[in-house]
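The structure appears right after this line, and notes come after that.
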Amino acid sequence: MKNIYLETFGCQMNVLDSELVSGQLSALGYRFTSDINAAQVVLYNTCSVRELSEQKVLSRLGRLKIRKAGQPELVIGVIGCMAERDGVRMLRRLPHVDLLCGPGELDQLPALLENVLVTGKQQHALAGNTSRRTHTLEAVEEDGLELLDLSRSFSPVESKFQAYIRIVRGCNKFCTYCVVPYTRGPEVSRSPQAILDEARKLVDAGCLEITLLGQTVNHYVHEETISAAGGPALRRTTFADLLYRLHELLPELPRLRFLTSFPADFGDDILQVMAQNPRICRYLHIPAQSGSDRILKMMNRGYTCESYLELLERARNIVPDIAFAGDAIVGFPTETDADYQTTRELVQAARYKNCFIFKYSPRPGTLAIKRYPDDVPEALKRERNNDLLKVQNQICHELNRQLVGKTVTVLCEGPSGWEGTGAADSVIAGHTTVAARPMAAVGEAVGGSGTVELGPRLAAAFLPAADKRRQGAVDGGRVQLTGRTTADQIVVFDGPPEMRGKMVPVRVKAAHGMTIFADVVGGV
Ligand code: SAM
Ligand code: SF4
């Protein structure tokens with residue numbers, strides 16, 4: 001059987017897609033390798049959100065062209081958003097690419113691959129910008145994508161006891177800068193029963209933290225006709241209902257998260273469910289994008305800076321220990337210094353735990369590229385980006401320092417291999433993936449981020465002893481471990497390797513920059 005090398009770019013949606021694809025292909029007998037040279041099939045699961053992500057894939061494809069000249073049987077596939085966005089043009093431009101598969105067609109990947117292997121001819125499965133694969137909410141239950149989501153395999157240790165479940169596919173928002181509605185199609189909420197079944201399977205397999213995924217996850221709503229005593233009735237499940245049901249039906253699941261929330265129409269019902277159900281993580285990733293109402297309007301975001309900050313205030317009142325994460329775009333067309341200052345002020349007021357900051361990247365097919373010239377010079381975008389990063393890092397340091405002396409419970413992920421460095425690739429479950437946290441393309445991420453994926457050098461600089469224990473080197477039976485708090489902060493502490501997969505109370509002893517160090521409460 002063939003060896004497959006699969007590399008993933010982009011957000012958690014792509015990480016999840018790769019997990020599903022590898023589960024599906026492994027079940028058919030394919031093996032996965034992290035050594036591209038040992039692979040007979042190379043697949044790139046791509047992201048189109050910013051140009052840089054696409055350039056990375058193009059440069060990898062360029063290198064493979066040379067290899068394929070000497071190894072014609074090598075199969076090269078591009079799956080995900082870039083395949084959908086570029087379409088068959090890519091097959092014409094890059095004739096050494098054998099296979100294209102859009103994110104909405106991934107259930108067809110095994111057949112495409114098989115066809116390439118048998119016929120040696122290029123194959124593709126793409127939704128096309130206007131076609132809608134699934135027209136009604138109910139039809140989704142029967143389509144192959146649903147089966148793909150339900151047929152996953154889960155390995156607790158490799159997955160660090162965490163798993164994603166997609167609850168909303170696609171997006172209807174059409175923010176003017178964004179390709180996602182074009183590449184991932186219309187918004188469809190999966191049935192609550194399918195989500196519950198998937199969650200139950202994951203929990204039974206040892207999963208300790210489930211993250212519900214959607215581009216606008218709080219807009220989840222599912223309607224179905226059920227038979228009731230007085231005849232057929234319509235059952236409506238909102239996001240708050242779904243959260244509540246998952247929390248109730250999975251009492252042994254210590255943590256339930258969700259990503260990414262959209263700031264408009266964020267109901268108090270969701271916040272109330274969070275407040276009343278402690279196993280729902282105190283964490284809201286809720287991108288503002290800009291602090292300027294004029295720019296927000298041009299972006300078609302549907303809220304103002306004031307209403308956004310009011311929402312954060314409301315959330316803090318209802319869920320007092322909540323932490324926020326944000327995304328911001330700098331250098332959107334026509335952004336003046338004054339506009340940028342409002343974004344800076346918004347970031348200061350929001351006091352995010354982390355904020356992923358992006359320079360505006362004009363994307364083909366979007367309204368922004370058609371309507372507005374990309375008129376903010378690159379150097380100015382970079383300057384604003386770096387400045388905002390500094391603001392955010394300062395906030396992150398302050399928030400981390402406030403934790404010193406406090407006891408927090410972390411989900412221990414295992415020895416701190418420091419394998420992800422933000423920009424570096426890491427190997428997860430036999431396939432290579434670019435470490436991802438935000439619902440944003442990573443690898444190019446320039447987030448003022450509280451994530452310790454940036455850790456090895458930082459930790460070594462701030463605490464040299466930590467570096468010695470890197471890669472889980474044993475120190476009196478103890479290794480350096482990492483765990484995450486409910487607010488998604490990464491904490492480093494020493495303990496026995498068997499702590500992996502346990503909820504561990506730790507007392508924070510120091511916060512150096514973005515890294516939090518702690519001792520296990522009661523000692524080990
Ligand atoms: N659905 C989420 C939301 O609306 O908050 C975000 C999803 S989007 C894939 C991830 C992030 O990428 C966005 O929040 C935005 O900050 C950034 N992004 C999207 N398109 C971009 C573009 N053309 N240029 C720069 N950043 C972009
Ligand atoms: Fe949808 Fe988010 Fe893109 Fe807006 S930024 S179109 S909400 S995915």
Side-chain angles (χ1 to χ4, degrees), residues 1-10 13-14 16-33 36 38-48 53-54 56-134 143-149 151 169 179 182-185 365 431-432:
M1 218 5 131
K2 306 281 181 200
N3 284 335
I4 301 181
Y5 172 88
L6 169 62
E7 187 170 358
T8 309
F9 298 81
M13 284 286 185
N14 276 10
L16 174 58
D17 282 343
S18 285
E19 203 182 301
L20 300 177
V21 156
S22 45
Q24 185 192 36
L25 292 173
S26 302
L28 293 170
Y30 291 97
R31 282 186 304 262
F32 280 80
T33 171
I36 191 167
Q40 292 87 41
V41 178
V42 175
L43 297 177
Y44 292 121
N45 188 5
T46 57
C47 168
S48 287
S53 276
E54 292 199 349
K56 283 188 178 176
V57 174
L58 289 174
S59 110
R60 281 168 174 63
L61 290 173
R63 268 182 264 148
L64 282 183
K65 186 177 179 182
I66 303 163
R67 179 169 154 198
K68 188 152 174 162
Q71 190 189 346
E73 68 286 1
L74 178 72
V75 175
I76 302 172
V78 177
I79 64 176
C81 290
M82 202 173 155
E84 188 62 57
R85 199 192 66 68
D86 224 7
V88 283
R89 272 169 306 182
M90 186 188 279
L91 293 180
R92 286 196 289 270
R93 256 187 316 123
L94 305 171
H96 63 294
V97 171
D98 300 287
L99 177 165
L100 286 186
C101 187
E105 317 298 313
L106 288 174
D107 54 313
Q108 299 182 51
L109 184 61
L112 292 178
L113 187 53
E114 191 61 27
N115 284 349
V116 173
L117 290 168
V118 171
T119 66
K121 295 210 168 77
Q122 287 181 321
Q123 305 286 325
H124 66 268
L126 304 165
N129 279 354
T130 49
S131 92
R132 295 193 161 203
R133 179 193 166 101
T134 301
D143 80 15
L145 272 185
E146 191 59 21
L147 293 175
L148 185 63
D149 272 315
S151 67
R169 302 181 197 283
V179 290
Y182 305 97
T183 59
R184 288 201 174 258
H431 63 265
T432 309

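No side-chain heavy atom of Leu28 sits less than 4.5 Å from a side-chain heavy atom of Glu114. Contact annotation: the side chain of Leu99 never approaches that of Asn115 to less than 4.5 Å [non-hydrogen atoms, C-beta and beyond]. The side-chain heavy atoms of Met82 and Leu58, taken from C-beta on, include a pair separated by under 4.5 Å. Residues Leu43 and Leu109 have side chains in contact (heavy-atom distance under 4.5 Å, counting atoms from C-beta outward). Contact annotation: the side chain of Val179 never approaches that of Cys81 to less than 4.5 Å [non-hydrogen atoms, C-beta and beyond].
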Next on the checklist: Run the side chain to side chain contact (heavy atoms under 4.5 Å, CB included) test on Ile4 and Leu113 for me, step by step, so that the C-alpha distance in whole Å, both residues' side-chain angles and the decisive distance to 0.1 Å come before the verdict.
Outcome noted: CA-CA 11 Å; Ile4 301 181; Leu113 187 53; 4.1 Å; yes
Checklist entry - Between His124 and Met90, is a side chain to side chain contact (heavy atoms under 4.5 Å, CB included) present by the stated rule, with each step listed? => result CA-CA 11 Å; His124 66 268; Met90 186 188 279; over 6 Å; no
Checklist entry - Under the side chain to side chain contact (heavy atoms under 4.5 Å, CB included) criterion, do Lys2 and Val75 qualify, and how do the steps go? => result CA-CA 10 Å; Lys2 306 281 181 200; Val75 175; over 6 Å; no
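Atom CG of Asp98 sits about 11.5 Å away from atom CG of Leu112, to the nearest 0.5 Å. Here CZ of Arg60 is found 13.5 Å from CD1 of Ile76. Values are rounded to the nearest 0.5 Å. To the nearest 0.5 Å, atom CE of residue Met1 and atom OH of residue Tyr30 are 5.5 Å apart. How far CD of Gln71 is from CG of Leu64: 9.5 Å, rounded to the nearest 0.5 Å. Atom CG of Leu6 and atom OH of Tyr44 lie 10.5 Å apart (nearest 0.5 Å). Taking CD from Gln108 and CD from Gln123, the interatomic distance works out to 11.0 Å, rounded to the nearest 0.5 Å.
For the pair Ser48 and Glu54, the tightest heavy-atom approach, listed with the atom from each and the gap, is OG-OE2, 2.7 Å. For the pair Ala83 and Leu126, the tightest heavy-atom approach, listed with the atom from each and the gap, is O-CD2, 3.5 Å. In terms of heavy atoms, Ala38 sits closest to Thr33 at CB-OG1, 4.2 Å. In terms of heavy-atom proximity, Gly10 sits nearest to Cys47 at CA-CB, 3.8 Å. The two atoms that bring Leu74 and Ala39 nearest to each other are CD1-O, 3.6 Å, heavy atoms only.
With Glu84 contributing its side chain and Pro103 its backbone, the two residues share no donor-acceptor pair below 3.5 Å. Here the side chain of Thr46 pairs a donor or acceptor atom with the backbone of Ile79 at under 3.5 angstrom. Asp107 contributes no side-chain N or O that, together with a main-chain N or O of Leu148, makes up a donor-acceptor pair within less than 3.5 Å. Distance alone, capped at 3.5 Å, is enough to place a donor-acceptor pair between the His96 side chain and the Leu61 backbone.
Ser18 and Asn45 are linked by a side-chain donor-acceptor pair at a separation below 3.5 angstrom, with hydrogens and angles left out of the test.
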